[in-house]
Number of protein chains: 2
Amino acid sequence: MNLKQLSELLGLSQTTVSRALNGYPEVNEATRERVLRAVKETGYRPNKAAQRLATGKAGSIGLVMPTAPGHQSDVHFGEFLTGLGEEAVRHDFHFVIMPADPDDEVAALRRLAISGNVDALFVAYMRGHDPRLAMLKSLSMPFVVHGRSFGSEPDYPYLDIDNEGAFYDAARLLLQLGHTRFAMMNGPAHLDFAIRRRNGLIAALAERGLELPEDCTSQTVMTDEEGLIAMERFLQLPDRPTAILCSSTVLALGAIRAVNQAGLKLGEDISLIAHDDVLPLLKPENFSVPLTTTRSSLRAAGVRIAQRLIGTVKQAGPFPEQELWKTELIVRASTGPAP
Amino acid sequence: MNLKQLSELLGLSQTTVSRALNGYPEVNEATRERVLRAVKETGYRPNKAAQRLATGKAGSIGLVMPTAPGHQSDVHFGEFLTGLGEEAVRHDFHFVIMPADPDDEVAALRRLAISGNVDALFVAYMRGHDPRLAMLKSLSMPFVVHGRSFGSEPDYPYLDIDNEGAFYDAARLLLQLGHTRFAMMNGPAHLDFAIRRRNGLIAALAERGLELPEDCTSQTVMTDEEGLIAMERFLQLPDRPTAILCSSTVLALGAIRAVNQAGLKLGEDISLIAHDDVLPLLKPENFSVPLTTTRSSLRAAGVRIAQRLIGTVKQAGPFPEQELWKTELIVRASTGPAP
DNA sequence: AGGAAATCTCAAAGCGCTTTGACACGCCAA
DNA sequence: TTGGCGTGTCAAAGCGCTTTGAGATTTCCT
């Protein structure tokens with residue numbers, strides 16, 4: 001069933017039916033009623049591809065999903081997607097997800113944009129000096145970045161959390177508790193949030209004339225295995241750290257396993273603060289020793305970014321171009337005075 | 001840059017350029033070379049919406065993502081998607097994801113199909129007597145179901161794991177170890193896998209003249225909280241169970257917390273077998289007491305389903321209509337002789 | 001050299017929709 | 001009667017691509 005058939009069925013022109021459907025004012029209310037009823041009865045749905053071709057819009061947000069054999073799926077990605085979806089469903093928007101090798105993201109993003117399949121783009125996993133930024137700006141398609149790109153002019157639309165502030169505050173808390181030997185379990189070194197969190201920690205330490213030793217820094221993929229390995233390394237250090245900052249509750253999971261295996265007590269021998277993206281699976285309050293965290297909901301960020309993206313496409317603006325969300329520092333039992 | 005412009009630039013007709021691009025034989029090799037070079041230089045990409053409109057195909061798989069405010073994101077969904085993506089990227093396919101309220105899935109699926117945005121559909125979270133099946137069959141669009149629908153004629157293309165066999169085998173192991181008091185922590189009762197796993201357990205018990213008491217069955221959303229709650233309930237039973245079957249490592253996470261809190265020893269006081277979807281975050285071997293599991297990789301299933309879906313769209317068939325994968329029973333330390 | 005076959009290219013139709021510009025109609029004021 | 005104004009409707013163009021059916025050119029065989 002297409003527009004033509006429907007209009008013939010009704011004895012109307014395609015124009016009139018199309019206008020009736022799209023809420024144009026110059027259609028008789030009675031006619032509109034009739035059209036709407038016929039749509040219900042026939043189950044007619046406009047062909048989105050045709051709609052897109054004609055209007056250039058079709059209610060879709062494009063995003064690139066990094067994937068490859070051996071590339072671990074990332075809980076953060078799913079959680080964020082859920083946030084996007086929660087908002088998108090309210091506006092009858094959908095997603096076009098282009099899977100791409102992590103090394104091919106710039107090209108994949110460009111393909112996605114030029115394909116004419118999407119109205120707006122969403123970009124995450126930002127790096128320092130991210131090459132996608134220049135490409136996006138040249139594209140004349142709305143986009144919002146989750147995170148920022150350290151080293152690039154911040155003249156693009158983004159939503160980020162205050163990573164530097166989060167880890168600065170976390171470090172201050174530990175300093176006040178008397179800790180002086182710090183270690184950091186971070187995400188991959190090239191990612192923006194990792195750079196900023198590290199800077200936050202270093203800034204707080206510097207105020208007390210302290211430094212973050214090289215061998216007390218681990219920058220890895222954020223899996224629990226890597227957390228375990230890093231923590232085991234830290235614990236074998238001659239002058240082992242007592243205060244750990246950890247970029248994810250996933251890393252913390254492994255780290256804590258290492259602490260337990262070493263027969264140490266979390267919150268006494270070792271204090272740990274992790275960043276909490278509010279993953280439903282990894283609630284800090286459910287850890288055997290509840291975790292002190294810096295918290296910011298990934299899902300909420302997804303909702304907000306979808307709002308901005310959809311709003312821009314629908315011209316329901318204006319939206320702030322840049323948003324920086326503060327994180328909350330929530331003290332639980334994994335932090336205590338330095339031993 | 002569109003086809004018209006490109007063809008003018010080259011001094012060729014649109015037909016010739018289109019044919020050169022799509023590998024038709026009636027184009028001079030030299031001409032094709034020239035076209036390909038121009039594409040490289042100009043960065044031309046065909047508009048997918050137009051391509052779809054003209055051909056009816058555009059290289060996309062559609063799926064519905066259940067979402068709603070308060071609806072927890074599901075790690076299983078992300079993991080499966082990664083599998084789909086891993087295969088899709090090899091064929092330059094993408095996904096169209098329609099977020100939808102869980103109560104609205106049938107309608108959402110229909111919208112997605114009729115929208116003309118997708119070439120094939122993928123469906124998961126199957127229920128007993130699933131109403132989507134009839135709709136899908138009436139659609140004349142390729143689809144593959146992950147799981148099955150208990151109570152419906154199995155005359156549709158699916159990939160499922162042998163849930164019944166998995167839990168039958170698991171129960172047999174525990175029976176051989178002398179356990180007689182069983183409990184089950186299952187997924188939502190209306191879901192197909194939950195029905196079959198329960199049947200598998202009941203069948204194994206029946207062979208020994210045993211039954212699964214009502215108060216030793218929990219059928220809930222599969223979160224760690226629910227796992228905790230269910231296990232706490234089991235432990236307070238006057239004749240408390242010693243053998244637990246658990247539909248997910250996520251549930252097991254909570255369950256084990258309850259066991260620990262009660263001061264009991266896993267693998268001694270309580271034996272537990274969980275089904276393991278091979279989530280990167282929840283490796284059974286990384287639990288403090290490594291978990292005995294029935295294993296089947298969700299991601300591998302995603303890859304396989306994408307293969308079948310894409311193969312069907314590309315007419316690169318034939319593919320088996322139905323596949324039933326055996327699970328592996330892997331014995332670790334969470335199972336031991338009945339106390 | 002002649003003609004058929006093979007090779008290459010083209011103009012135009014069509015995919016299903018939106019949107020423009022025009023037309024027909026009834027109504028009221030001049 | 002004429003003109004102007006809203007209201008409701010329509011035919012047709014256009015979005016960017018593929019594909020058909022036909023025309024032009026070259027190649028090959030007798």
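Below, each value reflects all heavy atoms present in this structure, side chains not excepted, and no hydrogens, waters or symmetry copies. Residue numbering restarts at 1 for every chain, and letters A, B, ... go by the order of the sequence lines.
A:Arg110 pairs by the side-chain contact (heavy atoms from CB on, under 4.5 Å) definition with A:Ile114, A:Met135, not counting sequence neighbours. In this view, B:Asp192 and B:Met126, B:Arg148, B:Phe150, B:Asp160, B:Arg196 satisfy the side-chain contact (heavy atoms from CB on, under 4.5 Å) rule, not counting sequence neighbours. Residues forming a side-chain contact (heavy atoms from CB on, under 4.5 Å) with B:Leu53 (at least two apart in sequence, or on another chain): A:Ala50, A:Leu53.
With rounding to the nearest 0.5 Å, the separation of CD in A:Glu87 from CD in A:Gln307 is 4.5 Å.
A salt bridge links B:Asp155 with B:Lys137: the closest approach of a Lys/Arg side-chain nitrogen to an acidic carboxylate oxygen falls below 4.0 angstrom. B:Asp119 and B:Arg52 are joined by a salt bridge, as a carboxylate oxygen and a charged side-chain nitrogen come within less than 4.0 angstrom of each other. A salt bridge between A:Asp104 and A:Arg111 is present, with a side-chain N of the basic residue lying under 4.0 Å from a carboxylate O of the acidic one. Using a 4.0 Å cut-off between charged nitrogen and carboxylate oxygen, A:Glu323 and A:Arg308 count as a salt-bridge pair.
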Side-chain polar contacts of residues 57-71 of chain B - donor-acceptor pairs under 3.5 angstrom, sequence neighbours left out - could you list them?
| from | atom 1 | to | atom 2 | distance (Å) |
| --- | --- | --- | --- | --- |
| B:Ser60 | OG | B:Asn117 | O | 2.8 |

Determine all donor-acceptor pairs shorter than 3.5 Å in which one atom belongs to a side chain in residues 78-85 of chain A; sequence neighbours excluded.
| from | atom 1 | to | atom 2 | distance (Å) |
| --- | --- | --- | --- | --- |
| A:Glu79 | OE1 | B:Ser73 | OG | 2.5 |
| A:Thr82 | OG1 | A:Gly78 | O | 2.8 |

Using residues 3-10 of chain A as the side-chain source, report each donor-acceptor pair under 3.5 Å to any protein atom, sequence neighbours left out, with the distance given to one decimal.
| from | atom 1 | to | atom 2 | distance (Å) |
| --- | --- | --- | --- | --- |
| A:Gln5 | OE1 | A:Asn2 | N | 3.4 |
| A:Ser7 | OG | A:Leu3 | O | 3.2 |
| A:Ser7 | OG | A:Lys4 | O | 2.7 |

Taking N or O atoms only and anything under 3.5 Å, show me the protein contacts with nucleotides 23-27 of chain C, one pair per line.
none

With the criterion being N/O to N/O and under 3.5 Å, what pairs connect the protein with nucleotides 23-25 of chain D, and how long is each?
none

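B:Thr16 and B:Ser13 share a donor-acceptor pair across their side chains, judged by distance under 3.5 Å alone.
A donor-acceptor pair is defined here as one N or O able to donate and one able to accept, closer than 3.5 Å; such a pair exists between the side chain of A:Thr42 and the backbone of A:Ala38.
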Nucleotides 13-19 of chain C: protein proximity per nucleotide (B base, S sugar-phosphate only, - neither; heavy atom, under 4.0 Å): -BBBBBB
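Evaluation of the side chain to side chain donor-acceptor pair (under 3.5 Å) test over residues 127-136 of chain B, restricted to residues two or more places apart or in two chains, returns B:Glu105-B:Arg132, B:Asp130-B:Arg132.
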Dot-bracket notation for DNA chain C, counting Watson-Crick and G-U pairs under 3.5 Å, with | for partners on another strand: ||||||||||||||||||||||||||||||
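Taking atom CG of residue B:Leu12 and atom C1' of nucleotide C:dT7, one finds them 15 Å apart after rounding to whole Å. Between the C1' atom of D:dT9 and the CD atom of A:Glu29 lies a distance of 16 Å, rounded to the nearest Å.
Contacts between residues 107-121 of chain B and DNA chain D, defined by a heavy-atom separation under 4.0 Å, are absent.
When side chains are defined from C-beta on, B:Tyr156 counts as touching B:Phe143, because their heavy atoms get closer than 4.5 Å.
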